[in-house]
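Naming: A, B, ... by sequence-line order, numbering from 1 per chain. For clarity, every value in this text was computed on a predicted model and none was experimentally measured.
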Number of protein chains: 2
Amino acid sequence: MMSERGYHHGDLRNALLVATTELVREHGARGFSVSEAARRVGVSSSAPYRHFPDRDAMLAAAALTGFRELEERFASLPALKAFTDTAAQIATEYLRFAREDPARFEVMFAHGIDKTKHQDLLRQTFRVQERFEATLSRCLRSAETTPRAAELWSLAHGVAALATGGNVQHILPEARISALADSTARAWARGVQ
Amino acid sequence: MMSERGYHHGDLRNALLVATTELVREHGARGFSVSEAARRVGVSSSAPYRHFPDRDAMLAAAALTGFRELEERFASLPALKAFTDTAAQIATEYLRFAREDPARFEVMFAHGIDKTKHQDLLRQTFRVQERFEATLSRCLRSAETTPRAAELWSLAHGVAALATGGNVQHILPEARISALADSTARAWARGVQ
DNA sequence: TCTCAATGTGAGAGGTTCACACATTAGAGT
DNA sequence: ACTCTAATGTGTGAACCTCTCACATTGAGA
C-alpha cells in the first residue's frame, strides 16, 4: 500500500470530493459511504475525517459543487428577448441539469443535510436564486422580480424532481417529459404578464 | 420482557408502520432504523423482517400511507367553479400537506426507494394524478387534461419541495411562502386558458 | 537543522442490516 | 378434544457502517 504516493496524499480533500460525487452518481446518496470513498482514493477509512467533520459534510460539499455548476450553467445561457422564451429556457435547462445526475440533484435538496449548519450551501442556493432574478429582470415588466423568480424556480424544480423521481414516467411518455418543463413554464409566463 | 403481550404481538405489521412514520417524522428518513422501530414496539430487532423484506420496504409502506392520505385530502376538497381558484386550491393544499410532515413528504418522493420495485406505491401515485385530472376536468376547457394535471402537479410539488427543504426561507419571508403556491398556480392557470 | 502542526494510520467502541436456526403458538383438520 | 403445521417472534452472528483516539510520518518555517 501507499506505493506511488508517499505517506501524505497531497490533495486528499479534493480527491475525496470527486470520489463522493462519483459514488453518489453510481449508488445514490444512501449507497455512499465514507469508507468506500476512502477505499477508492486509497487511504485509510479514518483519513477523510481530517478534512470533513462527518459523512454529511462530504455530501454537503458535493451538493455545493452542484449548486456552483448550476449557477454557471444559467450564467452561460444565451439571452433571449421574450419573457416566455426565457422562462421556458430556464426551466428546460434546470430539468436537463437534474437528469444528467439525478442522485446528486437529490442530494442538493435533501432534507437530511441541515442547510443552516452548512452556511456555504445556503449562500450558494441564494446565488442561484439571484441568477434567476437577474435573468428574468431583463425581460420582465414588473417590480416584483424576487417572488417571480421564486415562482419560476419552484415550477422548474417541481418538474425536475418529479421527472427524476420516476413519478411521471408512467403518466406521460418520455417524449412528453422533456416538453413538460417547457409547457409549464410557458403557461406560467403567459399568466404573469 | 413480553409481559402484557404474550409471545405473538397480534398486530405487529401495523404497529411497525405507525412506529416507522413516527420515527421518520421525528428524526427524518436517515434517522429511521429498523432496530429502533422494533425497540419502540417492544419486539426483537429481527421480528420486523417477518413483515417487511427490508428497511426500504418499511419506508415504502410509510410512503404509501402518505399517498393514500394525500389522495383522500384532495377528494374531500370543496368543488370550486373557477379554474384559477381550483388550481390555487390544489397547490395550496399540496403545500399544506407537505409542511405538516416534511420528512414523510420527502420519503414519498425519495429517489432511494425504487418505485418499479414497489408497484403499489406506483399505483397510488398514479391515483393521485388521476385525482388531479378529475378535479381539473370539471372546470378546464381543454381536451388535454392529463398533461395539464401533470403541469399543476409539478408546480405544486416544486413549491412544496423547496419550502420544506428550507431553500426559500432566506429569500422570501414566511408569510410570502404560503402565498407562493397560490400565486404560482394562479399565474399558470391564467396562462393555460 | 530542528521542531511542530498538519495529515495519515490502526485499533476499537458502538451502531446498523439482514440471514439463519430455533422457539412458540394460533388455528385448521381430524 | 387433539394434533400438527404454518406463521410469527427470538437470539446469535457476520459483515458492514460512522466516528474517536492514540500514535506515526513528514513538509515547511524558525
OP1 or OP2 of dA7(D) under 4.0 Å from side-chain N/O of His51(B): no
CD/Glu144(A): more than 12 non-hydrogen atoms of other groups inside 6.0 Å: no
Rounded interatomic separation in angstrom, taking CZ from Phe52(B) and C1' from dC18(C): 15 Å
Euclidean distance, atom CZ of residue Arg13(A) to atom P of dG8(C) [Å, nearest integer]: 12 Å
Test item: side-chain donor near acceptor, Trp153(B) and Gln129(B), under 3.5 Å: no
[X] and [Y] ion-paired at < 4.0 Å:
| X | Y | result |
| --- | --- | --- |
| Glu22(B) | Arg25(B) | no |
| Arg148(A) | Glu151(A) | yes |
| Asp182(B) | Arg186(B) | yes |
| Arg104(A) | Glu69(A) | yes |

Acceptor/donor pairs from residues 174-181 of chain B side chains to any protein atom, 3.5 angstrom cut, sequence neighbours excluded:
from: Glu174(B); atom 1: OE2; to: Arg99(B); atom 2: NH1; distance (Å): 3.2
from: Glu174(B); atom 1: OE2; to: Arg99(B); atom 2: NH2; distance (Å): 2.9

Give every pair of a protein N or O atom and an N or O atom of nucleotides 24-27 of chain D that lie under 3.5 Å apart, one pair per line with the distance.
from: dA24(D); atom 1: N3; to: Tyr7(A); atom 2: OH; distance (Å): 3.0

Heteroatom pairs (N/O) under 3.5 angstrom, protein to nucleotides 14-17 of chain C:
from: dT16(C); atom 1: OP2; to: Arg39(B); atom 2: NH2; distance (Å): 3.1
from: dT17(C); atom 1: OP1; to: Val34(B); atom 2: N; distance (Å): 2.7
from: dT17(C); atom 1: OP2; to: Ser35(B); atom 2: N; distance (Å): 3.2
from: dT17(C); atom 1: OP2; to: Ser35(B); atom 2: OG; distance (Å): 2.5

Mutual orientation of the aromatic rings belonging to Phe74(A) and Tyr94(A) [parallel < 30°, tilted 30-60°, perpendicular > 60°]: parallel
Contact nearer the 5' end of DNA chain D, comparing Ala47(B) with Asp56(A): Ala47(B)
